[in-house]
Amino acid sequence: MPQVKLILEDGTSITGESFGAFTSAAGEVVFSTAMTGYPENLTDPSFAGQILVLTTPMVGNYGVPGEELYDSISRIFESDKIHIAGLVVNYYSEEHSHWNAAKSLGDWLKEYNIPGICGVDTRMLTKKLREKGAMLGKIVAGDDVPFHDPNLDNLVAQVSPADIRHYGSGQHKIVLVDCGTKTNIIRCFLERDVELIRVPWDYDFTTLDYDGLFLSNGPGDPKMCEATIRHLQKALAQDKPIFGICLGSQLMGLAAGGDTFKLKYGHRSHNQPVKLTGTQRCYITSQNHGFAVDTETLPAEWQMLFENLNDGTCEGIKHTSKPFFSTQFHPEAAGGPEDTEFLFDDFLKAVVEYKQGR
């Protein structure tokens, strides 16, 4: 493997070996403590623009599965391509072995021209990111590239589809505002007897006939999604149920009149503990986000629904009288625990009650 360098904006330079595409790339360096699930994580649009550090010591040992389709969407991956800017690992396993592996992780990265660097002390790197926070960085292979802050870009516009797509033919008509949705969100809805209308991030969904509104996850700063926030403000003036996940939770907070802020190093793992507000009930959740809602800025009719037990930040909000709620974590997992998938059922229960009452 040829040598490449990982360079951070604070001047740190780490030499490692190249795997994947031998090319340079820049982005925001973040870490994930998930021990498995790299095919899902790398195809999660929420990672767009980021150089991902995996803290698990060995990566690549189970390769990458082949594609399978389910109602025109992937049965395995969370989108149709890799979204990270680069990958950083400690030990890359060149030999993979798994019953459904179709290719190696390195070959998969090459397909999408994504660089990887291995032989890195990821423990040291993660400690640095925890102390100083997520920082800009670049993987340099041959030609140098400038640092680039992806949070200054409208990443949602880059990952959201340009057209409207339809799935299923169930009795509940749900509009999914795609800000970078994970495919497993669509799978979860299709398993629950719905007709799903997937619209671009800036589409005026208030012109559509629907029973419930869903706001997806996605990358970057939620304040970049001004069009989505404007449309959502109109929806909040009505009574149709609304459910938001991850970026969708932040958009709901902004549309409600609250504010958001950037976390020091974000939450990216499969083991984040959250507590349901007003109870002692806790859940272990899958997360991938760098921003959060500031609950102190929310209007009186909104309250925190879940709290992160590691740092006390908001993990979801709800309206006190209308069927609007959100989670900062991922009930659909992929990868990670599925302990909170029941929230999709809670949302559809609210949809049924709304339809019966209107």
Side-chain angles (χ1 to χ4, degrees), residues 46 174 176-177 179 181-182 185 188-189 192 212-218 222 225 228-229 232-233 235-263 266-333 336-354:
S46 294
I174 305 298
L176 185 159
V177 182
C179 296
T181 191
K182 292 170 64 180
I185 288 174
C188 287
F189 275 120
R192 289 171 167 81
L213 176 65
F214 178 84
L215 310 167
S216 85
N217 63 293
C225 302
T228 317
I229 295 169
L232 183 52
Q233 286 170 335
L236 292 176
Q238 303 174 1
D239 296 318
K240 293 181 180 179
I242 306 174
F243 179 23
I245 287 177
C246 199
L247 180 74
S249 181
Q250 300 156 22
L251 295 174
M252 190 179 293
L254 290 169
D259 197 8
T260 57
F261 65 96
K262 194 174 191 308
L263 294 166
H267 300 151
R268 299 174 182 89
S269 66
H270 295 166
N271 58 354
Q272 290 282 331
V274 303
K275 183 175 76 169
L276 180 62
T277 300
T279 74
Q280 293 301 309
R281 185 67 182 267
C282 299
Y283 301 94
I284 301 300
T285 65
S286 176
Q287 302 197 16
N288 177 16
H289 61 100
F291 291 80
V293 174
D294 181 357
T295 53
E296 297 296 323
T297 65
L298 290 174
E301 64 270 20
W302 289 85
Q303 59 185 226
M304 185 160 63
L305 179 58
F306 292 96
E307 176 187 1
N308 188 294
L309 292 179
N310 286 334
D311 60 14
T313 55
C314 175
E315 289 287 352
I317 60 176
K318 70 172 182 178
H319 195 278
T320 55
S321 61
K322 293 186 176 184
F324 309 151
F325 73 98
S326 69
T327 67
Q328 190 59 67
F329 53 87
H330 288 269
E332 80 287 353
E338 301 174 348
D339 304 31
T340 55
E341 191 178 322
F342 67 86
L343 291 168
F344 286 93
D345 299 315
D346 289 353
F347 171 58
L348 292 177
K349 179 181 178 182
V351 168
V352 171
E353 292 173 351
Y354 166 76

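Quantities reported herein were computed from a predicted structural model and do not represent experimental measurements.
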**OP:** Measure the spacing between CG of L343 and OH of Y283 and express it to the nearest 0.5 Å.
**Re:** 7.5 Å

Subject >> Stepwise side-chain contact (heavy atoms from CB on, under 4.5 Å) test for L232 and L213 >> reply: CA-CA 9 Å; L232 183 52; L213 176 65; 4.0 Å; yes

Original post:
Could you state the interatomic distance from CG (L305) to CG (L276), rounded to the nearest 0.5 Å?
Top reply: 6.0 Å

**OP:** Identify the heavy atoms of G253 and L298 that sit nearest to each other, and give their distance.
**Re:** O-CD2, 4.0 Å

Original post:
Is there a side-chain contact between T285 and F306, using heavy atoms and a 4.5 Å cut-off?
Top reply: no

**OP:** Look at the aromatic rings of F324 and W302 and report parallel, tilted or perpendicular, splitting at 30° and 60°.
**Re:** parallel

Original post:
Has the side chain of S216 got a donor or acceptor atom that lies under 3.5 Å from a matching backbone atom of C179?
Top reply: yes

Subject >> Under 3.5 Å side-chain donor-acceptor pair for N310 and H267 >> reply: no

**OP:** Tell me, with the steps shown, if T313 and F261 meet side-chain contact (heavy atoms from CB on, under 4.5 Å).
**Re:** CA-CA 11 Å; T313 55; F261 65 96; 4.2 Å; yes

**OP:** For the residue pair N288 and N217, establish whether any side-chain heavy-atom pair is separated by less than 4.5 Å.
**Re:** no

Original post:
Can you tell me if H330 uses its side chain to pair, donor with acceptor, with the backbone of E332 under 3.5 Å?
Top reply: no

**OP:** Compute whether any side-chain donor of one residue and acceptor of the other, for E315 and Q272, lie under 3.5 angstrom apart.
**Re:** no

**OP:** Return the set of residues passing side chain to side chain donor-acceptor pair (under 3.5 Å) with S326 (not counting sequence neighbours), or none when no residue passes.
**Re:** S249

Subject >> Donor-acceptor under 3.5 Å (S286 side chain, H270 main chain) >> reply: no

Original post:
Mind checking what makes side-chain contact (heavy atoms from CB on, under 4.5 Å) contact with I284, not counting sequence neighbours?
Top reply: N271, P273, P337

Original post:
At their closest point, which heavy atom of L247 faces which heavy atom of G218, and how far apart are they?
Top reply: CB-N, 3.5 Å

Original post:
Taking all atoms of both residues into account, what is the closest heavy-atom pair of Q287 and V274, and its distance?
Top reply: NE2-CG1, 3.6 Å

Can you list, pair by pair, the side-chain donor-acceptor contacts under 3.5 Å of residues 236-243, counting residues two or more places apart and other chains?
from: K240; atom 1: NZ; to: Y210; atom 2: O; distance (Å): 3.0

Original post:
Mind checking whether S46 and H289 have side chains closer than 4.5 Å, heavy atoms only?
Top reply: no

Subject >> Heavy atoms of other groups near K262 NZ, more than 12 under 6.0 Å >> reply: yes

Subject >> Partners meeting side chain to side chain donor-acceptor pair (under 3.5 Å) with D259 (sequence neighbours left out) >> reply: K223

Original post:
Given L251 and I229, is the side-chain contact (heavy atoms from CB on, under 4.5 Å) satisfied, shown in steps?
Top reply: CA-CA 6 Å; L251 295 174; I229 295 169; 3.9 Å; yes

**OP:** With rounding to the nearest 0.5 Å, note down the distance linking OG1 in T228 to CD in Q233.
**Re:** 11.0 Å

Subject >> Nearest-0.5 Å distance that lies between atom CD1 in I185 and atom CG in L176 >> reply: 6.5 Å

Original post:
Of Q303, K318, M304, which is the lone residue that meets side chain to side chain contact (heavy atoms under 4.5 Å, CB included) with T277?
Top reply: M304

**OP:** Calculate, to the nearest 0.5 Å, the distance between atoms CD and SG belonging to E341 and C188 respectively.
**Re:** 4.0 Å

Subject >> Note, T327 side chain near T340 side chain (heavy atom, < 4.5 Å) >> reply: no

**OP:** Sequence neighbours left out, what passes side-chain contact (heavy atoms from CB on, under 4.5 Å) with K275? Give chain and number order.
**Re:** Q280, C282, E307, L309

Original post:
Can you check whether L215 reaches I245 side chain to side chain, under 4.5 Å on heavy atoms?
Top reply: no

Subject >> Sequence-distant partners of T320, side chain to side chain donor-acceptor pair (under 3.5 Å), two or more places apart >> reply: none

